[in-house]
Engineer: 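Just passing along the structure, written as structure tokens.
Order of appearance sets the numbers: ligands from 1, and atoms from 1 within every ligand.
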Amino acid sequence: MCNGDDSKSVAVLGAGGGGLVAARLLRDAGFRVKVFEASDQIGGVWVYSDSPTRGALYKSLHTNLPKEVMAYSDFPFDAALPSFMKHEDVLNYLQAYARHFNLYHMIALSTPVRSAEYVPGTDWQGDGGRPPGRWLVNGEEVFGALVVANGHYNVPHYPPLLKNDFTGVAIHSKEYRSPSPFANKRVLLVGEGRSGKDLVWELHSLARKVVWSGTSFSDPDAAASARGKLPSSVWPVGRLEGLDKGGRYIVKGAAGELVTSQDTVDAVIYATGYKFDFPFFSESSGLFPSECTMRSPEGAFRESLHLHLFHRKHPSSLFFLGLPEFGPGIFKVMEHQTKAIIAVMKGHVSTEDLASLDIRCSFPYGHMRDDIFPYCVMLDSLPAGTHRSFPDDHWQVKLPRDIEVRMEVARDTREARASMPQRYRDRNYRIIESDGVEGGITWEVVVE
Ligand SMILES: Cc1cc2nc3c(=O)[nH]c(=O)nc-3n(C[C@H](O)[C@H](O)[C@H](O)COP(=O)(O)OP(=O)(O)OC[C@H]3O[C@@H](n4cnc5c(N)ncnc54)[C@H](O)[C@@H]3O)c2cc1C
Ligand SMILES: NC(=O)c1ccc[n+]([C@@H]2O[C@H](COP(=O)([O-])OP(=O)(O)OC[C@H]3O[C@@H](n4cnc5c(N)ncnc54)[C@H](OP(=O)(O)O)[C@@H]3O)[C@@H](O)[C@H]2O)c1
């Protein structure tokens with residue numbers, strides 16, 4: 001790979017939703033692209049496996065966002081699909097995207113990146129300018145830039161506990177496939193993220209009891225309110241702090257006190273999220289701190305990246321797609337990110353401009369929620385060349401109507417998820433081209 005001017009070559013690490021859109025847009029912008037994919041197929045998270053050691057999806061998983069929010073901007077999901085799809089529909093969609101845009105020949109399957117190393121350049125142009133460094137992949141291939149799209153739902157995060165000598169069955173939600181192994185068991189489900197919230201509804205009718213541990217349930221009012229909305233077999237308790245050999249659990253109470261249960265559990269499911277993992281960078285590279293969880297990336301990533309995307313040490317040659325927990329419409333977010341990368345790689349945006357934009361606009365880490373929408377508009381300001389006038393307060397920016405519609409539908413989904421957690425996926429949305437609306441599009445719920 002990459003004879004001739006290797007500054008125009010890009011290694012894309014991963015062929016999930018992020019790697020695919022990066023490959024397409026970079027290729028269309030004139031770069032030579034090679035996608036490295038560790039697995040034997042494309043699709044990333046959306047590849048289901050019955051094996052608990054492969055993948056992170058459970059059997060019955062449906063999307064928690066509607067297809068109207070999830071699709072790339074110019075490649076809609078099949079109109080015949082419901083808004084909330086089965087996981088295999090998303091995999092089919094990504095495969096269709098790769099076929100439609102002729103990406104397969106650029107992807108090396110079963111080819112993991114084991115090492116990625118920055119090799120500083122010499123001043124080969126002899127003009128005293130910035131020496132162009134290169135990225136050496138797997139010790140043998142050289143590229144001008146590296147787009148990291150390796151996903152972040154691969155390595156389970158387990159909470160540090162004061163005590164854990166539990167000897168019963170304990171799995172992470174990544175290994176969970178169906179509720180059947182938990183029939184008639186007393187299960188401790190830890191975590192009230194999307195995994196915890198889905199699994200509680202899968203488990204409750206089969207398990208004898210589900211003790212559901214969540215940070216918010218340490219507040220007795222929140223626990224009481226949750227009890228009112230949950231089936232009687234589910235018992236919310238505070239944040240998990242420890243587990244003993246016989247299955248007694250220790251949780252945090254309202255004033256921070258530790259409370260040991262009287263009852264015991266037979267099995268534990270840790271729906272406690274994931275860790276970021278970049279094992280292909282050596283520790284001595286200093287590119288990332290060694291331990292970084294979904295819920296504590298604030299300091300680490302803010303120090304490492306401009307705008308959640310451009311590495312501070314190598315802002316014009318090292319990029320990270322989809323890195324924080326962005327929330328709604330991650331495929332499209334990674335599309336905006338790739339367009340911003342191209343603007344930087346083509347020299348249309350200086351690294352000084354990136355640094356200054358990063359200081360002026362503070363986008364949160366952790367769950368971005370609605371901030372994701374002005375974030376996308378901010379990214380678009382880089383290729384458009386309007387980044388210098390992007391407002392410091394990102395909510396001052398006017399959202400284009402298509403992005404506003406995404407935000408409205410995502411908000412509606414969020415509200416429906418909270419008010420009817422078991423039934424929100426029965427809704428269907430319709431996006432309507434409409435002359436009567438500024439920007440020409442609106443949306444509606446067609447079935448409740
Ligand atoms: C259980 C679950 C449910 C989800 N549900 C939704 C949903 O309903 N809606 C939604 O929008 N999002 C959902 N998501 C978020 C999901 O992660 C995104 O939709 C999207 O798939 C992220 O794409 P990605 O390309 O960033 O990462 P991934 O899909 O994880 O792809 C990363 C790819 O990189 C490859 N890779 C990793 N390391 C290497 C290496 N060293 N060398 C080469 N290749 C490597 C992997 O094999 C993989 O193919 C869900 C996530 C999980 C875990
Ligand atoms: N399509 C779907 O239906 C679907 C289903 C599942 C997951 N997903 C997606 O998968 C991704 C990961 O979601 P996730 O829920 O697995 O991970 P997550 O969002 O990181 O949630 C992890 C949860 O574990 C909690 N936790 C950590 N330590 C704890 C402890 N000691 N005691 C009690 N709770 C503890 C965290 O609470 P604190 O934050 O308070 O620490 C948090 O609520 C998300 O993008 C989600 O949307 C989608």
Side-chain angles (χ1 to χ4, degrees), residues 11-22 35-48 54-58 60-67 69-71 84-85 87 90-91 94 107-116 137-138 148-161 172-174 176 188-199 212-218 237-242 249 251-252 270-275 277-280 293-296 320-323 325-334 366-367 410 413 417 425:
V12 174
L13 203 163
L20 293 178
V21 71
V35 184
F36 292 78
E37 172 50 57
S39 158
D40 56 4
Q41 53 181 313
I42 70 161
V45 155
W46 296 101
V47 177
Y48 172 81
R54 285 195 75 186
L57 301 179
Y58 49 89
S60 70
L61 186 133
H62 282 60
T63 64
N64 58 8
L65 283 166
K67 65 179 185 182
V69 172
M70 281 183 65
F84 295 90
M85 302 160 287
H87 58 75
V90 184
L91 181 62
L94 292 174
I107 303 169
L109 296 173
S110 305
T111 310
V113 169
R114 298 193 196 283
S115 67
V137 172
N138 290 340
V148 179
N150 67 329
H152 48 242
Y153 301 116
N154 298 318
V155 182
H157 164 66
Y158 294 93
L161 299 178
H172 188 270
S173 57
K174 187 178 191 295
Y176 174 95
L188 173 62
L189 173 65
V190 191
E192 45 173 332
R194 293 263 44 99
S195 294
K197 283 182 175 140
D198 266 10
L199 296 196
W212 188 17
S213 160
T215 308
S216 81
F217 306 142
S218 288
V237 298
R239 189 177 175 81
L240 184 71
E241 297 293 341
Y249 46 93
V251 296
K252 194 174 261 184
Y270 288 100
T272 45
Y274 295 83
K275 289 196 284 200
D277 192 36
F278 308 108
F280 34 85
T293 70
M294 292 293 302
R295 296 296 173 130
S296 60
F320 293 81
L321 292 184
L323 203 49
E325 180 62 5
F326 279 125
I330 187 69
F331 294 166
K332 273 199 193 101
V333 176
M334 296 191 285
H367 281 279
T413 302
R417 257 196 320 245
R425 289 183 173 100

Engineer: With only distance considered, is Asn64 within less than 3.5 Å of ligand 2 through an N or O on each side?
Structural biologist: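 Yes; at least one N/O pair falls below 3.5 Å.
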
Engineer: Answer yes or no for His62: is there a heavy-atom contact with ligand 2 below 4.0 Å?
Structural biologist: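 Contact check His62 vs ligand 2: positive.
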
Engineer: Answer side chain, backbone, both or neither: which part of Trp212 comes under 4.0 Å from ligand 2, heavy atoms only.
Structural biologist: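 Neither; no heavy atom under 4.0 Å.
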
Engineer: Can you tell me if Arg425 contacts ligand 2 (heavy atom of the residue under 4.0 Å from the ligand)?
Structural biologist: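 Distance cut 4.0 Å: Arg425 passes for ligand 2.
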
Engineer: Considering only heavy atoms, which of His87, Arg114, Met70 lies nearest to atom 11 (O) of ligand 1?
Structural biologist: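 Nearest heavy atom to atom 11 (O) of ligand 1 lies in Met70.
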
Engineer: So, is Thr215 polar-close to ligand 2, with some N/O to N/O distance under 3.5 Å?
Structural biologist: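 There is such a contact, yes.
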
Engineer: Does the N or O separation between Gly193 and ligand 2 drop below 3.5 Å for any pair?
Structural biologist: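 For ligand 2, there is an N or O atom that lies under 3.5 Å from one belonging to Gly193.
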
Engineer: Give yes or no for whether the N/O distance cutoff of 3.5 Å, strictly under, is met between Ser173 and ligand 2.
Structural biologist: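 By distance alone, the answer is no.
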
Engineer: Under 4.0 Å, heavy atoms only, figure out whether ligand 1 is touched by the backbone of Ile330, its side chain, both or neither.
Structural biologist: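 Side chain only; the backbone of Ile330 stays clear of ligand 1.
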
Engineer: Kindly confirm or rule out an N or O of Leu61 lying under 3.5 angstrom from an N or O of ligand 2.
Structural biologist: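 No; the residue has no nitrogen or oxygen that sits under 3.5 Å from a nitrogen or oxygen of the ligand.
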
Engineer: Note the single closest protein heavy atom to atom 7 (C) of ligand 1, along with its residue, its atom name and the distance in Å.
Structural biologist: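 Nearest protein contact, heavy atoms only, for atom 7 (C) of ligand 1 is Asn64 OD1, 3.2 Å.
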
Engineer: Does only the side chain of Ala271 get under 4.0 Å from ligand 2, or the backbone, or both, or neither? Count heavy atoms.
Structural biologist: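 Looking at Ala271 and ligand 2, just backbone atoms fall under 4.0 Å.
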
Engineer: Report the part of Ser213 (side chain from C-beta onward, or backbone N, CA, C, O) that has a heavy atom under 4.0 Å from ligand 2; answer both or neither where that applies.
Structural biologist: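 Under 4.0 Å from ligand 2, Ser213 contributes backbone and side-chain atoms.
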
Engineer: For atom 45 (C) of ligand 1, which of the options Ala38, Ala108, Ala11 provides the nearest non-hydrogen atom?
Structural biologist: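 Ranked by closest heavy atom to atom 45 (C) of ligand 1, first place is Ala38.
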
Engineer: With a 4.0 Å cut-off on heavy atoms, is Tyr270 touching ligand 2?
Structural biologist: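 For ligand 2, residue contact (heavy atoms, under 4.0 Å) with Tyr270 is absent.
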
Engineer: Under 4.0 Å, heavy-atom basis, I'd like to know which part of Leu65 is in contact with ligand 2: side chain, backbone, both or neither.
Structural biologist: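 For Leu65, there is no contact with ligand 2 at all, from either part.
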
Engineer: I'd like to check whether His157 has a polar contact with ligand 2, where a contact means an N/O of the residue lying under 3.5 Å from an N/O of the ligand.
Structural biologist: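 No: no nitrogen or oxygen of His157 is under 3.5 Å from one in ligand 2.
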
